Amino acid sequence: MPELRLHNTLTRRTETFAPRDPAHGVTFYSCGPTVYDDAHIGNFRSFLNADVLRRTLELLGHRVVHVMNITDVGHMTDDANADGGGEDKMAVAGRRIAEAKKAGKLPAGAEIDPADPYAIAEFYAGRFLEDARLLGLKVALEEQARAAKGAPTLMPRPTRCIPQMVEMIGSLVARGHAYQAKDGAVYFDVRSFPAYGRLSGNTLDQLREGAGERIDAANQAVKRHPADFLLWKPDPRHLMRWPSPWGEGYPGWHIECSAMARMLLGDEIDLHSGGEDNIFPHHECEVAQSCCATGHPSFAHTWFHTRHLQVEGEKMSKSKGNFFTARDLFAKGVTPAALRLELVRTHYRSNANFTLQGLQDCQRMVDRWSRAHAQLVARAREDRADSGRADDDGLSRSPGHAPAPSPAVAVDESLPPGPFERALAAFTDALCDDLNVARAVAALNEAVAAKPAEHEAACPVRELGSLLAMDSVLGVLGRNAPVAGAAPAEDPAFVAQVESLIATRAAARAAKDWAASDRVRDQLAALGVTVKDGPQGATWSRAKP
RNA sequence: GGCCGCGUACCCAAGUGGCCUAAGGGGACGGAUUGCAAAUCCGUUAUUUCGUGGGUUCAAAUCCCACCGCGGCCUCCA
């Protein structure tokens with residue numbers, strides 16, 4: 001098994017990754033979305049990078065137990081943990097939904113009560129899982145299969161894990177790491193954990209109180225140290241609330257992940273991922289809570305953080321008009337494969353720059369890989385026909401699954417490795433070098449561009465296996481089609497108009513009246529339609545915006 | 001104010017001391033193909049050049065210093 005070198009935020013070094021207990025698999029926790037709105041492409045870059053890491057581990061032969069939470073507790077707009085100020089995010093989402101409902105813009109099937117925070121969370125969680133599966137997030141794909149079998153979830157919701165949180169907070173209080181302040185809230189005592197600040201570098205003496213300008217002075221006064229953070233907030237008026245020894249209320253933001261990671265993966269875990277903004281305070285607080293509650297000296301051994309995504313060179317924001325959700329792009333006809341590749345091809349520790357041009361670049365690459373895949377499948381079939389075997393050969397299996405070819409198929413071991421088989425080595429090597437996806441993609445591109453003679457000299461089944469192995473990490477081959485139903489349906493009258501023009505043009509072409517044919521093409525262009533003449537006649541599509 | 005990351009061709013993006021006269025993709029240009037296009041295929045496309053200015057070294061895109069620019073975190077955020 002080749003070694004994976006991975007940068008660890010905790011040590012600030014690139015280290016050889018080794019699971020603590022390889023027999024039981026790699027335990028991996030990823031901070032997932034908060035579901036009071038649709039996840040945007042920046043969120044997905046982080047989730048997708050975690051997915052590439054997981055898939056790389058699997059390519060290397062590791063078994064991975066991957067957990068990703070879906071946060072459905074409505075936290076506060078101003079401050080999720082310290083003072084509970086501002087407005088509940090679920091309430092904000094509810095108002096947004098109520099407005100959409102009034103304007104008749106609610107998506108089909110969205111009969112939700114804007115006053116019911118659980119329904120809102122469920123609504124957005126469902127949409128997130130749809131997007132995630134389309135983008136090939138394996139944890140979400142697996143979740144669906146697990147649910148069908150009745151297996152326990154690996155995508156936990158905090159609202160269903162409150163007892164585990166209450167228990168953890170209780171043990172923190174019992175061990176003297178947490179206290180109930182005069183305002184009734186339970187806080188973590190940061191000075192009781194000397195390693196606080198080790199992950200982020202924000203040690204207590206360096207923290208500048210209130211630098212984020214979101215601190216409430218009255219709230220600060222009841223805490224023993226300004227950096228103490230909320231574990232439980234009693235609040236009888238909160239939208240979502242549960243009983244606890246400290247009164248009816250809701251949990252702090254950080255405790256959720258500590259409790260769910262422990263519940264599903266154990267006291268210590270191998271890997272923990274999230275966006276770079278999670279390093280502080282969220283992950284720093286998780287370390288403190290988990291170590292203090294379990295008594296273990298460490299929590300996650302390797303911390304994996306993805307840098308933020310920019311759009312067209314600028315910070316993504318709604319006001320700049322460069323804010324995209326995955327669904328927005330699917331509705332424009334962007335394929336999940338192209339979006340996945342665009343979000344994942346820049347190194348995870350660099351700020352990636354998402355551009356529409358880049359998305360097109362990726363689409364072209366995926367198209368070329370798909371063609372190469374189809375050719376290999378065809379050649380492998382021919383081989384099988386030659387060898388007289390007709391049973392299920394596994395070749396029609398959709399890509400993205402087990403790369404090993406079925407034994408029913410003719411594998412010629414005497415042939416030297418072909419372009420894809422050689423590329424797989426370089427591809428794996430690049431990924432093992434701190435997940436160098438760009439270099440891995442380059443290796444694949446070089447294989448695809450190899451001379452035809454080199455391709456013909458290789459064993460197609462082995463070549464296909466190598467290509468599918470590479471795609472088991474890239475995860476694009478089965479996802480290169482526009483999302484059905486994502487784009488608004490074409491107006492039938494418009495379609496009829498276009499088809500009639502195309503028929504007119506076909507007649508002109510048959511009569512070799514090129515001037516008339518080109519006139520019709522101009523008319524179609526004016527309607528925003530591009531025509532392509534292929535062997536099976538003309539096809540048309542909406543011109544790219 | 002403190003901590004951290006980045007700056008490579010028209011664009012995206014690898015490369016972190018000699019194999020760099022700098023991967024890969026897109027674009028552009030030339031060719032094949034096509035009635036013309038589109039798509040596809042083939043070829044060309046950074047030659048003291050890697051933000052700027054110094055320094056270390058036999059040797060620097062790669063190490064050090066300064067400056068300029070961009071970005072992240074310092075209790076909303078992936």
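The model shown is predicted, which means the values in this text are computed figures rather than measured ones. Residue numbers start from 1 in every chain, and the chains themselves are labelled A, B, ... in the order their sequence lines are given, proteins ahead of strands.
The side chain of A:Lys532 places no N or O atom within less than 4.0 Å of a non-bridging phosphate oxygen (OP1 or OP2) of B:rU34. Distances shown here put a side-chain N or O of A:Arg364 below 4.0 Å from the OP1 or OP2 atom of B:rU40. Side-chain N/O atoms of A:Arg371 include one lying less than 4.0 angstrom from OP1 or OP2 on B:rC41. Phosphate contact (OP1/OP2 of B:rG26, side-chain N/O of A:Arg368, threshold under 4.0 Å): present. Side-chain nitrogen and oxygen atoms of A:Asn436 include at least one within less than 4.0 Å of the OP1 or OP2 phosphate oxygen of B:rG15. Remark: A:Asn353 is in phosphate contact with B:rC12, judged by side-chain N or O atoms under 4.0 Å from OP1 or OP2. At B:rC74, none of the side-chain N or O atoms of A:Asn202 fall inside 4.0 Å of OP1 or OP2 (strictly under the cut-off).
Judged by distance alone, the side chain of A:His455 and the main-chain N or O of A:Ala447 form a donor-acceptor pair under 3.5 Å. Using a distance-only test at 3.5 Å, with no hydrogens or angles considered, a donor-acceptor pair links the side chain of A:Glu342 to the main chain of A:Thr355. No donor-acceptor pair closer than 3.5 Å links the side chain of A:Arg127 to the backbone N or O of A:Asp38. Distance alone, capped at 3.5 Å, is enough to place a donor-acceptor pair between the A:His40 side chain and the A:Asn43 backbone.
Taking atom CG on A:Asp429 and atom C1' on B:rG15, their separation rounds to 14 Å, with Å as the unit. In this structure, A:Trp540 atom CH2 and B:rA37 atom P are separated by 25 Å, rounded to whole Å. Atoms CG (A:Leu309) and C1' (B:rG72) sit 13 Å apart, rounded to a whole Å. With rounding to whole Å, A:Arg349 atom CZ is found 12 Å from B:rU16 atom C1'. The interatomic distance linking A:Arg340 (CZ) with B:rA78 (P) rounds to 20 Å, in whole Å.
The base of B:rC36 lies close enough to the side chain of A:Arg521 for a donor and an acceptor atom to sit less than 3.5 Å apart. Residue side chain A:Asn278 does not reach the base of B:rC73 through any donor-acceptor N/O pair under 3.5 Å, judged by distance alone. One cannot find a donor-acceptor pair under 3.5 Å joining the base of B:rG72 and the side-chain atoms of A:Asn351.
With A:His254 as the partner, the side-chain hydrogen bond (donor to acceptor under 3.5 Å, both in side chains) test is satisfied by one option alone out of A:Glu284, A:Gln289, A:His282: A:His282.
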request  = Mind running ring-ring contact (aromatic ring centres under 6.0 Å, His included) on A:Phe128 and A:Phe44 for me, showing each step along the way?
outcome  = CA-CA 10 Å; A:Phe128 167 74; A:Phe44 274 114; 5.6 Å; yes

Audit row: A:Phe304, A:His272, ring-ring contact (aromatic ring centres under 6.0 Å, His included) steps and yes/no
CA-CA 6 Å; A:Phe304 175 89; A:His272 194 133; over 10 Å; no

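Distances were taken from every side-chain heavy atom of A:Arg307 (C-beta onward) to each of B:rG72, B:rG35, B:rC12; the shortest belongs to B:rG72. Out of B:rA14, B:rG72, B:rG35, the shortest distance to the side chain of A:Lys315 is found at B:rG72.
Remark: the separation of the P atoms in B:rG15 and B:rU45 is 23 Å, to the nearest Å. B:rG17 and B:rA13 have their C1' atoms separated by 22 Å, with the value rounded to a whole Å. For the P atom pair drawn from B:rU62 and B:rC6, the interatomic distance equals 13 Å after rounding to whole Å. When the P atom is compared between B:rU49 and B:rA22, the two are found 13 Å apart, to the nearest whole Å. For the C1' atoms, the distance linking B:rA23 with B:rG30 amounts to 24 Å, nearest Å.
RNA chain B is contacted by both A:Ser200 and A:His347; A:Ser200 maps to the nucleotide lying nearer its 5′ end (nearest heavy atom per residue).
With sequence neighbours left out, the side chain to side chain contact (heavy atoms under 4.5 Å, CB included) criterion links A:Asp189 to A:Tyr179, A:Arg191, A:Ser192, A:Arg224, A:Asp228.
At the heavy-atom level, A:Ser517 lies under 4.0 Å from base atoms of the strands shown.
Looking at residues 442-455 of chain A, you'll see A:Ala442, A:Asn445, A:Glu446, A:Lys451 sit with a heavy atom under 4.0 Å from some atom of RNA chain B.
In this structure, a donor-acceptor pair under 3.5 Å is present between the side chains of A:Thr9 and A:His305.
Using a cutoff of 4.0 Å between basic side-chain nitrogens and carboxylate oxygens, A:Arg5 and A:Asp433 are not scored as salt-bridged.
Base-pairing analysis of RNA chain B finds the following stems of at least three consecutive Watson-Crick or G-U pairs, with both pairing distances under 3.5 Å: B:1-7 with B:68-74, B:10-12 with B:24-26, B:27-32 with B:40-45, B:51-55 with B:63-67.
Side-chain contact between A:Trp232 and A:Tyr187 is absent, with no heavy-atom pair separated by less than 4.5 Å.
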